[in-house]
Amino acid sequence: MISCVPLSLGRAPARRRRLACLPLALASAFGGMALIQLPSTAHAQQAAATLGETVVTANRTPQPLSDLVSDVSIIDRQTIERSGAVGVADVLARLPGIEITRNGGVASTTSLFIRGADTRFTAVYIDGVRVDSQSTGGAGWEGIPLAQIDRIEVLRGPAAAVYGSDAVGGVIQLFTRRGEEGVAPYAGVGFGSHGLRKAEAGVSGKSGNLDYSFGVAHEESKGFNALPIEKRTPSKDGFTSPDRDGYRGDSGNLRLGYQLTPNQRLDATLLYSDTNAGYDSPVFSRRPPLQFDNDVSQNTLRTAGLSWSAKWNDVYSTRVQVTDSQSVYKTQPSFYRTETNLRGYLFQNEFRFGPHLVTATLERREDALENAPTTFTGLLSRKRSQDAVSLGYGFVQGAHSLQLHVRHDDDSEFGGKTTGSVAYGYSITPKLRATVSAGTAFRAPTLYQRFSEYGTPTLKPESSRNVELGLRYTDGDTHAGIVVYQNRVKDLIVFDGGATNCDSGFGCYASTARARYRGITLSGGHRIGDVTLRASADFQDPRDLETDNLLARRARRHGTLGADWRVAGWTLGAEVQSSSKRFDDAANTRTLSGYTVLNLVASTQITRDIGLVARVDNVGDKDYTLARGYATGGRNVYVGLKWTPQ
C-alpha cells in the first residue's frame, strides 16, 4: 500500500479530486522541496551554545535547556530577521532532521517531515494554541505568517504522552513577540525576485503591570509558473499552463499580558492571517491539449488564547488555559471550502521540590469539521472530543536527568488510548552527555478520513513506538551531537484506490499500512575567531513496510554546511544545501534527482536604528525538480530594511 499524505484530497475542488488526484494526487500534495536554507548565526542549530535558555516545548513547562533529555532546537528573532526568509517552513528547513515539500511557491500547499514522518505527525502550536486540519491532517504551513513569529522551538521525537494525539514525529511551538520594559516600535520593507514586496510594522512594550505587542504585515509576489509544462510541446504532452502563480498575504497579531499580583498573571493572544495564492487547476477534456484554469486559493488562519497562571508558593503552581483556532481553505472559481475549528481547555498543576518536578494535567480538545457540499455529497459537518489526564515526573541532580510521562486520552468515538515515555540523560563528563529514550504515540483519524465520500468510519488510530540514543558534546563555542532513532508506525492510514467496499468508486481510506522511520542525525558547530562554522547531516530510511519502498519525496540523505563571518560591521554567510535523490511516487518508479545549491546572505546595521539584510538563494540558478511537474523558483534575490529604534 502507498503511504502518502492526503493533502490534495482535502484541498481541491470536488471535480478535480475525482478526476485527477485519486490516488496519485494524494502523493502530489507533498509538494516541491523548498530551497531556502538560512545561513545566519549558528544559534538556530542545536542551541548548544546557550544551555542556560529556558524552553517549554519538551515537557510543556519552562525548563533550562541544559536539563532536557529531548532533542530540541531553538530559533530566535535575530536568526529569523537575518535570514531574509519569507515562509516559516523555509526557516525550519535548515534544522537537523527536517525536510519540507511544496507545490510551487511559498504560498502553495506545504508539508513538513520531522525525521521522515508524515506532516500530520507533527503537533503544531502558536502561543500555546493548537493548529491542525481535520480535513488534510496536519498544520497548513503555508498559512502561518513568519512576520508575526518571534521564536520557534522544535522537539524531534514522539511526545504524545505530553501532548496527546498527533505528536508522533515531533512538536513545533511558535511564539509571537512579548512586550518588554519601555516602548519598542519597528517597521520594515523588503523587495525580491518574482516581484516580491513586503511591509511590516508594530510596537511592543511594558508599562507597569501591563505588557503588550502588536504587529501587522503585508506581502505579495507576482510569483512564477509553478507548472511550467508549456516548455514541452502541448500537442505531445497534452498540457498548457503559461501563467505566473503569485500570492498576496496579510497578517496581524496582538498579545497582552497583565501581572495581577506578584505571583499571578493573565495572558491573551490573537493572530490572524489571510493568504490568496494562484495555482493551476486542470480542466479535463477528451482530447489534448489539457488546459489549466487560473484558480485562486484562500487560506485563512485565526488563533486566540487566554491563560491564567498562579504560583501559590515555592512548591505549587497552576495554569488554566482556553484556546481556539480556525483554519479555512477555499478555492475559486472551482469552488471548494473546508473549515476546521479546534477548541482546547487545559488545567495544569506543577509541584517543584528540590531536584523533583511533578506535573498533573487535565485537558480537553474539541474538533469540528465543515466541508462544503459537492455534486455527489451534501454538507459534511462532524464533531468529536478528547478528554485527557496526564502525569509527568522530572528529576535533575548532578550528572543524572530523568523524565517520565504517562497520558490517557478518552476519545468520544474511539475510546481510551494510553501513551507513555521514559528518557534518561547522564553527563559522562561536564562536556559530554549521553541520552536514551523510548515512547509511544498515536494520531486519531481526521473527520474527513472517516466521514467524507472517501471515508471509512471504522478506521483505527495510527500508533507508534519510538526508541532513540543521543550523544552531545558542548565546550564553549564548540558543540556536536549524534542521535540514532527508530520510530515504527502501525495502522498507518493510506488511500486505497483498489478498495471495493467504498461509497466512492475511486477508493477510500484504510488503516492497512505500516511504516518505519529510522536514521542518524549528525550536527555540530565551531567558532574560530570571527568565523562560525556549522553543519548537519541526516542519514535516514523512511520506509513503507508493506511494500519495502521508500516513502515518497523523502531523501535518504540530506544536510547543510554553513559559515558566518563577522567583518567590518557586517555578518556574511554562506550555506550549501544538499539532498540525495527521492522518489516522486510511492511505487518508487519516478525518480527525482538529487541536488546541491549555494545560498548567500549579508546583514549589517546601516545606522544605529536601521538594519539591512540581503540574500541570494540558489546562486548557481540550478534547474531541478522536487515534485513531478512542479517548478522551483530558480535564483532568488531579496533585500530588506528594518527600523528598530534603540
Side-chain angles (χ1 to χ4, degrees), residues 56-57 60 88 122-135 138-153 163-166 171-179 200 202-205 210-218 249-260 264-275 298-310 318-330 337-348 361-370 383-388 447:
V56 301
T57 302
R60 220 169 187 172
V88 173
T122 297
V124 180
Y125 292 81
I126 301 177
D127 288 328
V129 182
R130 185 76 169 89
V131 178
D132 191 29
S133 170
Q134 280 299 310
S135 174
W141 290 101
E142 65 276 12
I144 300 177
L146 180 61
Q148 309 305 330
I149 304 304
D150 185 69
R151 175 185 171 92
I152 305 174
E153 296 180 6
Y163 291 92
S165 177
D166 312 346
V171 179
I172 296 178
Q173 294 241 33
L174 305 106
F175 302 92
T176 58
R177 189 189 306 264
R178 178 173 172 175
E200 60 177 336
V203 61
S204 63
L210 176 68
D211 57 82
Y212 58 90
S213 176
F214 171 74
V216 293
H218 171 82
D250 297 289
S251 63
N253 89 90
L254 174 66
R255 181 168 178 171
L256 299 174
Y258 190 78
Q259 200 71 34
L260 299 169
Q264 297 188 52
R265 178 178 171 84
L266 193 65
D267 286 280
T269 63
L270 294 171
L271 182 139
Y272 173 81
S273 175
D274 184 76
T275 304
Q298 182 177 5
N299 208 317
T300 304
L301 173 66
R302 302 181 183 90
T303 68
L306 181 65
S307 66
W308 167 71
S309 57
T318 60
R319 181 163 64 98
V320 177
Q321 185 177 42
V322 179
T323 62
D324 189 89
S325 71
Q326 181 187 63
S327 303
V328 180
Y329 179 87
K330 61 182 180 180
R337 185 182 189 277
T338 183
E339 176 182 329
T340 296
N341 289 275
L342 305 182
R343 177 70 57 84
Y345 305 89
L346 180 75
F347 176 45
Q348 182 168 299
T361 304
L362 298 175
E363 187 171 13
R364 178 177 174 83
R365 169 176 165 175
E366 298 172 351
D367 300 349
L369 171 68
E370 186 173 288
K383 297 181 179 180
R384 74 160 180 228
S385 63
Q386 293 175 349
D387 296 310
L447 292 168

Using the test side-chain contact (heavy atoms from CB on, under 4.5 Å), find all partners of [X] that sit at least two apart in sequence or belong to another chain.
{"X": "Leu346", "answer": "Arg60, Arg319, Gln321, Gln348, Thr361, Glu363"}
{"X": "Ala268", "answer": "Leu306"}
{"X": "Ser385", "answer": "Arg364, Glu366, Ser412"}
{"X": "Ala368", "answer": "Asn341, Lys383"}

Salt bridge (Lys or Arg N to Asp or Glu O under 4.0 Å) involving [X] - partner list, sequence neighbours excluded:
{"X": "Glu153", "value": "Arg151"}
{"X": "Arg302", "value": "none"}
{"X": "Asp324", "value": "Arg343"}
{"X": "Arg265", "value": "Asp211, Asp267"}

Donor-acceptor pair, distance only, cut-off 3.5 Å: does the side chain of Ser204 make one with the backbone of Arg178? no
Measure across [X] and [Y] and return the closest heavy-atom pair with its distance rounded to 0.1 Å.
{"X": "Ala147", "Y": "Ala217", "value": "CB-CB, 3.5 Å"}
{"X": "Arg130", "Y": "Val124", "value": "NH1-N, 3.1 Å"}
{"X": "Ser325", "Y": "Val131", "value": "OG-CA, 4.4 Å"}
{"X": "Ser213", "Y": "Gly179", "value": "CB-N, 4.3 Å"}

So Tyr163 and Thr57, side-chain contact (heavy atoms from CB on, under 4.5 Å) or not? Walk me through it. CA-CA 10 Å; Tyr163 291 92; Thr57 302; 3.9 Å; yes
With a 4.5 Å limit on heavy-atom distance, are the side chains of [X] and [Y] in contact?
{"X": "Glu142", "Y": "Asn299", "answer": "yes"}
{"X": "Glu339", "Y": "Ser327", "answer": "no"}
{"X": "Asn253", "Y": "Thr269", "answer": "no"}
{"X": "Leu301", "Y": "Tyr272", "answer": "no"}
{"X": "Gln259", "Y": "Gln264", "answer": "no"}
{"X": "Leu270", "Y": "Phe214", "answer": "no"}

Test item: side-chain donor near acceptor, Gln148 and Ser251, under 3.5 Å: yes
Please enumerate all residues that pass side chain to side chain donor-acceptor pair (under 3.5 Å) together with [X], with sequence neighbours excluded.
{"X": "Arg365", "answer": "Asp132, Asp166, Asp367"}
{"X": "Thr176", "answer": "Asp127"}
{"X": "Tyr125", "answer": "none"}
{"X": "Thr300", "answer": "Asp274"}

To the nearest 0.5 Å, what is the distance between [atom1] on [X] and [atom2] on [Y]?
{"X": "Ser273", "Y": "Ile144", "atom1": "OG", "atom2": "CD1", "value": "8.5 Å"}
{"X": "Leu447", "Y": "Ser135", "atom1": "CG", "atom2": "OG", "value": "10.0 Å"}
{"X": "Tyr212", "Y": "Leu256", "atom1": "OH", "atom2": "CG", "value": "10.5 Å"}
{"X": "Leu174", "Y": "Ile126", "atom1": "CG", "atom2": "CD1", "value": "5.5 Å"}

Go through it in stages, so that I can follow the logic: the residues are Thr275 and Tyr329, the test is side-chain contact (heavy atoms from CB on, under 4.5 Å), and I'd like the CA-CA distance, side-chain angles, deciding distance and then a yes or no. CA-CA 10 Å; Thr275 304; Tyr329 179 87; over 6 Å; no
For a side-chain contact (heavy atoms from CB on, under 4.5 Å) check, start with the C-alpha distance between Ser165 and Gln386, then their side-chain angles and the critical distance, and finish with the verdict. CA-CA 9 Å; Ser165 177; Gln386 293 175 349; 3.8 Å; yes
Are Val56 and Phe175 close enough, and set up right, to give a side-chain contact (heavy atoms from CB on, under 4.5 Å), and what steps lead you there? CA-CA 11 Å; Val56 301; Phe175 302 92; 3.6 Å; yes
